[in-house]
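All values below were derived from every heavy atom in this structure, side-chain atoms included, with hydrogens, water molecules and symmetry-related copies excluded. Every chain is numbered from 1, with letters handed out A, B, ... down the list of sequences.
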2 protein chains.
Amino acid sequence: MDVNQAIHLLKSKGYKHTDKREDMLNIFTKHKGYLTARNVLNELKDRYNGLSFDTIYRNLSLFVDLGILEETEFNGEKHYQMKCEDDRCQHLICIGCGITQNVNVRPFEDQLERSNDFKITGHKFEIYGYCSLCH
Amino acid sequence: MDVNQAIHLLKSKGYKHTDKREDMLNIFTKHKGYLTARNVLNELKDRYNGLSFDTIYRNLSLFVDLGILEETEFNGEKHYQMKCEDDRCQHLICIGCGITQNVNVRPFEDQLERSNDFKITGHKFEIYGYCSLCH
DNA sequence: ATCGATGCAAACTCTTTGCATAGCA
DNA sequence: TGCTATGCAAAGAGTTTGCATCGAT
């Protein structure tokens, strides 16, 4: 999903288009990897004097609810990135820079679903390590 | 690892054998799945009047450091269970009861390590859903 | 003008830490 | 006895919420 699609989705649900929301979305589309609320605030605090965590958190949460961002928790913090088109997409997460690479485990999950009596509702398949640049 | 092995490991590292630690370890060996600090406290609070979160947290953290427990974060809380013998073991986590099933993704990771320029240091491969009983 | 968005402040949850005391070895 | 474990209290971090005001449509 790109920024325009996301903004269109917001409007279609009755939410408003604000500069802060657009900027937040731009940050995520330009950064290939997970960001925390603090990361987002740091990116925007020069542009918006007095920008508060509340707004960041509220919008991050809204974006997740609308399916624009996906959320994961590690290192005691919630991390966000643009949601993959493929709901089976999975990540390698560089613990140096936060960059993620996608990997495909669909065949694995397909096999799992056939062979197990387990109804999948969500998953977290993340491999932590160092990407080629940080390594 | 069973309770006796864990206690032996504790002693060999200069940590002491206490009733609370033994009880905590027993809880984890008897429960096949993740538990939070609060879960552990609830299990023990009748037996130990005034048992504090501090002790639970300190011991959980110690157990993780010693490789007795493994830790993961979801729903805003840290969750713990006995560490798998196989360091490539992965989990299906029932969001109904917390029970975990292990699955083997070793072939997948082996292939990944060969084909990607990514140095793996850790991973979280967890599939959330409902087990056969909760389902 | 209306209703959502934001900032402020406070609260809340989970977790960690300093310090004095209790307890194992 | 010596050193670790524990409880108490407080602090700390990340996150959420109530309310009044600002701002988009």
Side-chain angles (χ1 to χ4, degrees), chain A residues 3-4 6-27 34-66 68-80 98, chain B residues 6-27 34-66 68-80 98:
Chain A
V3 174
N4 286 335
I7 288 172
H8 188 266
L9 178 60
L10 278 170
K11 288 187 169 180
S12 74
K13 300 278 185 179
Y15 299 101
K16 292 177 178 168
H17 173 191
T18 68
D19 290 348
K20 287 164 191 170
R21 283 182 177 161
E22 183 172 338
D23 282 355
M24 284 180 67
L25 291 167
N26 273 317
I27 289 172
Y34 280 108
L35 295 169
T36 63
R38 178 169 302 279
N39 295 148
V40 175
L41 183 68
N42 285 341
E43 293 265 344
L44 292 178
K45 69 172 181 230
D46 293 337
R47 213 168 317 161
Y48 300 101
N49 215 316
L51 176 62
S52 64
F53 265 117
D54 323 77
T55 301
I56 304 291
Y57 279 119
R58 271 189 279 236
N59 285 329
L60 289 176
S61 172
L62 174 64
F63 294 163
V64 171
D65 288 346
L66 294 179
I68 297 168
L69 296 182
E70 58 187 80
E71 179 188 291
T72 189
E73 293 174 51
F74 54 89
N75 297 339
E77 287 177 291
K78 293 187 176 178
H79 295 244
Y80 301 87
Chain B
I7 288 173
H8 188 265
L9 178 60
L10 278 171
K11 288 187 169 180
S12 75
K13 300 278 187 179
Y15 299 102
K16 291 178 181 170
H17 173 192
T18 68
D19 289 348
K20 287 164 191 170
R21 283 181 177 161
E22 183 173 337
D23 282 354
M24 286 179 66
L25 293 167
N26 273 316
I27 287 172
Y34 280 108
L35 295 169
T36 63
R38 180 169 301 278
N39 295 147
V40 175
L41 183 68
N42 285 341
E43 292 266 344
L44 292 178
K45 68 171 181 233
D46 293 336
R47 212 168 318 163
Y48 299 101
N49 215 315
L51 176 62
S52 65
F53 266 117
D54 323 76
T55 300
I56 304 291
Y57 279 119
R58 270 189 280 236
N59 284 330
L60 289 175
S61 172
L62 174 63
F63 294 162
V64 171
D65 289 346
L66 293 180
I68 297 169
L69 295 182
E70 59 186 78
E71 180 188 290
T72 189
E73 293 175 50
F74 54 90
N75 298 339
E77 287 178 290
K78 294 187 176 177
H79 294 243
Y80 301 87

- The single option from Leu69(A), Ile68(A), Val64(A) passing side chain to side chain contact (heavy atoms under 4.5 Å, CB included) against Leu66(A): Ile68(A)

- Could you check how far CG of Asn75(B) sits from C1' of dG14(D), rounded to whole Å? 16 Å

- Could you check how far CD of Glu71(A) sits from P of dT16(D), rounded to whole Å? 8 Å

- Task: Check for a donor-acceptor pair, side chain of Asn39(B) on one end and backbone N or O of Thr36(B) on the other, with a separation under 3.5 Å.
- Result: yes

- Axis-to-axis angle for the helix from dA1(C)-dT25(D) to dA25(C)-dT1(D), ends of five pairs each, to 10°, equals 30°

- Message: Using only modelled atom types and a 3.5 angstrom limit, is any donor from either the side chain of Lys16(B) or the base of dC3(D) paired with an acceptor on the other?
- Response: yes

What nucleic acid atoms does [X] come within less than 4.0 Å of, heavy atoms only: base, sugar-phosphate, or nothing?
{"X": "Arg58(A)", "result": "base"}
{"X": "Phe53(A)", "result": "nothing"}
{"X": "Thr18(B)", "result": "sugar-phosphate"}

- Message: Nearest heavy atom decides the nucleotide; on that basis, is Lys11(B) or Ser61(B) closer to the 5' end of DNA chain C?
- Response: Ser61(B)

- Got a sec, which pairs hit side-chain hydrogen bond (donor to acceptor under 3.5 Å, both in side chains) with one end in residues 6-19 of chain B, sequence neighbours left out? His17(B)-Glu22(B)

- Output every pair passing side-chain hydrogen bond (donor to acceptor under 3.5 Å, both in side chains) with a member in residues 55-64 of chain A, not counting sequence neighbours, ordered by first then second residue. Arg21(A)-Asn59(A), Ser52(A)-Thr55(A)

- Side-chain contact check for Thr55(B): nearest option of dG7(C), dT6(D), dG23(C) is dT6(D)

- Message: Which nucleotide wins on minimum distance to the side chain of Lys20(B), given the candidates dG4(C), dG7(D), dT6(C)?
- Response: dG7(D)

- Is there side-chain contact between Val40(A) and Tyr80(A), with at least one heavy-atom pair below 4.5 Å? no

- Item | Residue whose nearest DNA chain D nucleotide is more 5′ - Asn59(B) or Glu77(A) | Asn59(B)

